[in-house]
Colleague: 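My questions will all concern the structure given below.
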Amino acid sequence: MQRDFACLHGKRCAPAQRGPRPAPGPAADEGLSRRLRALACTAPLHDLDVRKANLAGEYTVYAMAEVALAAIDLVTLNMDFDTGADHDQIVARLLPRVAAQAPRRPVAEHERVARWVLENLINVGSVDRGFRAVYGTFGPDGTYVRRDYDFKLIEEVPGYGGSVYLRATDEAVNVLVGALDTDVTSAQIAAEVKLEVLISRGRLADAQLAAEQARYRTVQYAETLRKTLDATRRNVRAVDWLNAVPDMIAEALDHVADRYRHENAILTNIRKARDEAEEPEHKRRAAELVDIVKDCIRRHTQLQSRLLEAGPLFRAEQDRQAFATPAARTGLDLYGQLLAPLLPLPVEQAIRATDAFFAHGTGLRTPTSVRVGDLVDMLLTPPWSASTWAPRCPNPT
């Protein structure tokens with residue numbers, strides 16, 4: 001313990017050297033961790049401009065991060081509650097932006113750039129098609145701990161009839177609105193209050209940006225509900241339908257009702273601003289705002305219908321999964337039934353079980369087909385013996 005008083009010799013003792021103080025704990029370090037995760041979500045976009053030099057050709061003229069942001073925006077706005085965005089349609093809508101960056105380049109190159117950016121956002125070629133970032137936090141004792149942050153930006157999900165759709169993840173939406181792990185409800189309220197203030201002050205350009213961010217939050221709220229319902233269809237026990245989901249549904253219904261009234265009032269003010277505006281630019285901005293807010297109202301109406309269907313869906317899935325006919329044959333747990341019991345055993349004991357398992361588990365062996373010509377040669381060839389190949393001994397006499 002540090003002391004600063006007169007010692008036994010009557011002299012003033014020098015204060016003991018204090019070591020470095022422990023780093024802040026998790027509570028104080030959470031803000032930095034959130035910023036590090038937010039930075040990690042944008043890293044794949046910056047990496048596109050770094051790796052474009054590896055493409056076969058001259059692609060330095062293209063701003064790949066800008067194309068990537070446009071792709072995320074298109075996927076977010078074109079995906080619905082049940083379906084997502086079409087891959088070819090997103091590429092086609094990206095072509096004008098790519099062509100504007102290099103108008104003298106051929107159309108085939110523009111399409112290649114658009115597809116390359118979209119495939120890198122999906123992270124085609126990786127095992128799980130996701131991204132991983134490593135960041136550090138401090139434990140309660142001040143020790144530095146490295147953590148992995150796994151995320152995806154655009155996912156490929158199966159659709160009806162074997163089709164594949166694209167869906168933007170929460171991390172991708174957070175890249176668009178410049179936030180991470182923000183509460184959707186509070187962010188939606190703040191965005192719409194800001195939108196109402198900007199419209200009342202006539203700042204339609206800023207109001208359009210706020211309206212677009214509010215629409216992103218609506219998409220994010222619907223995506224959270226969709227994932228919950230999908231998890232319920234797979235396994236009803238994996239979702240907390242006792243407390244968490246009912247509270248979320250009740251809160252979401254209140255949220256939709258409030259937002260619906262709020263957005264209708266905003267829509268009335270925007271139409272009034274559009275009709276009273278004299279400058280063509282203000283009229284255009286107001287008309288675009290009308291379309292954005294109407295789309296928000298449509299999405300909230302769709303979200304409300306899905307929220308009302310969540311309860312009956314849970315009860316139907318509970319009955320289906322609880323009273324489903326059990327499988328006639330249970331699957332084999334290789335780890336629990338084979339690997340875990342054999343690991344502590346000696347090799348001479350474990351090899352008996354492994355030989356028996358692989359002998360019966362490999363299935364039948366299909367014999368190789370023999371050509372007729374080879375078969376005839378094999379049958380007509382005289383058998384070889386040791387005497388045939390023995391060297392002839394010279395006459396001993």
Side-chain angles (χ1 to χ4, degrees), residues 75-85 151-152 154-174 177 179 181-193 213-267 292-327:
V75 173
T76 303
L77 298 182
N78 283 276
M79 68 183 192
D80 210 341
F81 191 89
D82 294 320
T83 61
F151 65 96
K152 295 182 179 181
I154 295 180
E155 292 180 305
E156 289 182 326
V157 296
Y160 298 106
S163 58
V164 177
Y165 294 106
L166 303 178
R167 298 193 70 90
T169 62
D170 290 343
E171 290 82 6
V173 176
N174 286 326
V177 300
D181 294 340
T182 308
D183 180 68
V184 178
T185 306
S186 60
Q188 182 82 19
I189 295 173
E192 292 178 354
V193 171
Q213 292 185 354
R215 181 167 56 177
Y216 293 144
R217 291 300 180 188
T218 303
V219 173
Q220 197 172 17
Y221 212 113
E223 187 69 7
T224 302
L225 177 63
R226 187 190 67 85
K227 290 180 179 179
T228 302
L229 297 181
D230 286 346
T232 301
R233 292 187 182 96
R234 291 191 297 269
N235 184 7
V236 71
R237 296 181 179 87
V239 184
D240 183 11
W241 278 93
L242 184 62
N243 297 313
V245 178
D247 293 343
M248 186 268 290
I249 292 176
E251 181 182 355
L253 287 172
D254 295 339
H255 161 80
V256 169
D258 293 340
R259 302 285 69 75
Y260 188 77
R261 291 191 297 267
H262 201 72
E263 288 166 352
N264 275 283
I266 292 175
L267 189 59
I292 293 175
V293 176
K294 287 173 66 177
D295 185 52
C296 288
I297 294 175
R298 181 190 65 82
R299 290 180 182 273
H300 275 133
T301 303
Q302 185 185 45
L303 178 61
Q304 184 183 27
S305 64
R306 299 299 180 180
L307 287 169
L308 294 176
E309 295 172 359
L313 184 142
F314 161 69
R315 290 187 289 271
E317 289 297 323
Q318 188 181 37
D319 294 340
R320 182 184 68 84
Q321 297 178 25
F323 300 103
T325 305

Colleague: For Lys152 versus Glu171, what's the shortest heavy-atom pair and its separation?
Modeller: O-OE1, 3.5 Å
Colleague: If we ignore hydrogens and angles and just use 3.5 Å, is the side chain of Arg320 paired with the main-chain N or O of Arg233 as donor and acceptor?
Modeller: yes
Colleague: Work out which heavy atom in Asp240 is nearest to a heavy atom in Asn243; give both atom names and the distance.
Modeller: OD1-N, 3.3 Å
Colleague: Less than 4.0 Å between a side-chain N and a carboxylate O, is that true for Asp319 and Arg315?
Modeller: no
Colleague: When you look at Leu307 and Leu225, which way does the side chain to side chain contact (heavy atoms under 4.5 Å, CB included) test go after all the steps?
Modeller: CA-CA 8 Å; Leu307 287 169; Leu225 177 63; 3.5 Å; yes
Colleague: For Gln321 and Thr232, which heavy atoms make the closest approach, and how far apart are they?
Modeller: NE2-O, 3.0 Å
Colleague: Is atom NZ of Lys227 surrounded by more than 12 heavy atoms (other residues, nucleotides or ligands) closer than 6.0 Å?
Modeller: yes
Colleague: In plain terms, say whether Asp230 and Arg234 are close enough for a salt bridge, that is, a side-chain N and a carboxylate O under 4.0 Å apart.
Modeller: no
Colleague: Nearest 0.5 angstrom please: Thr169 OG1 to Glu155 CD, how far?
Modeller: 6.0 Å
Colleague: Give the minimum heavy-atom separation between Ala222 and Leu303, together with the two atoms involved.
Modeller: CA-CD1, 3.9 Å
Colleague: Without swapping roles, check the side chain of Gln304 against the backbone of Leu253 for a donor-acceptor pair under 3.5 Å.
Modeller: no
Colleague: Could you tell me the separation between the OG1 atom of Thr228 and the CD1 atom of Ile249, rounded to the nearest 0.5 Å?
Modeller: 8.5 Å
Colleague: Once rounded to the nearest 0.5 Å, what's the spacing between atom CG of Leu313 and atom CZ of Arg306?
Modeller: 10.0 Å
Colleague: Got a second to check how far Met248's CE is from Trp241's CH2, nearest 0.5 Å?
Modeller: 7.0 Å
Colleague: Heavy atoms, side chains only, cut-off 4.5 Å: are Arg167 and Arg226 in contact?
Modeller: yes
Colleague: Is a side-chain N or O of Glu317 found less than 3.5 angstrom from the main chain of Leu229, in a donor-acceptor match?
Modeller: no
Colleague: Could you measure the distance from the CG atom of Leu166 to the CG atom of Asn78? Nearest 0.5 Å is fine.
Modeller: 10.0 Å
